[in-house]
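Whatever order the structure lists ligands and atoms in, that order sets their numbers, starting from 1.
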Amino acid sequence: MPLYEFRCPEGTRFEASFSMSQAPQVLDCPSCGQESRRRISAPKLSISGSAEFKLIDSTKRSAHEPEVVSSRLPAGGKAQPSRYTHNPLHQKLPRP
Ligand SMILES: [Zn+2]
């Protein structure tokens, strides 16, 4: 459902979602309770699922839920250092 933008006489802007056939011209302001007129603004259609939405969502989520390792690797796991390359020709290259 599209989002509609409203603005109360005191200047508070808020958004509400209605179906296109049920969108009211006025709505009570959530902060002061006065009648707020619907504003004409750019349509804010659903962007969920798009790359833009995923980027915004992960950015907002990382503010309070950073994607970091929360525990150490279990001991006795992979002890071998990982190789950077698997190309056998790179084995012949001089080492530092
Ligand atoms: Zn208000």
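In this view, Gln25 and Arg38 satisfy the side-chain contact (heavy atoms from CB on, under 4.5 Å) rule, not counting sequence neighbours. For Ser21, the side-chain contact (heavy atoms from CB on, under 4.5 Å) partners are Ser19, not counting sequence neighbours.
Tested against Leu89, the residues Thr85, Asn87, Leu93 include a single side-chain contact (heavy atoms from CB on, under 4.5 Å) partner, Asn87.
In this structure, the separation between CD on Glu5 and CZ on Arg7 is 9.5 Å, given to the nearest 0.5 Å.
The shortest non-hydrogen separation linking Glu10 to Cys32 is OE1-CB, 3.9 Å.
With waters left out, the protein N, O or S atoms under 2.8 Å from the Zn ion (ligand 1) add up to 3.
Hydrophobic cluster membership of Tyr4, counting Ile, Leu, Val, Met, Phe, Trp and Tyr whose side-chain heavy atoms lie under 4.5 Å apart directly or via other members: Phe6, Phe14, Phe18, Met20, Leu27.
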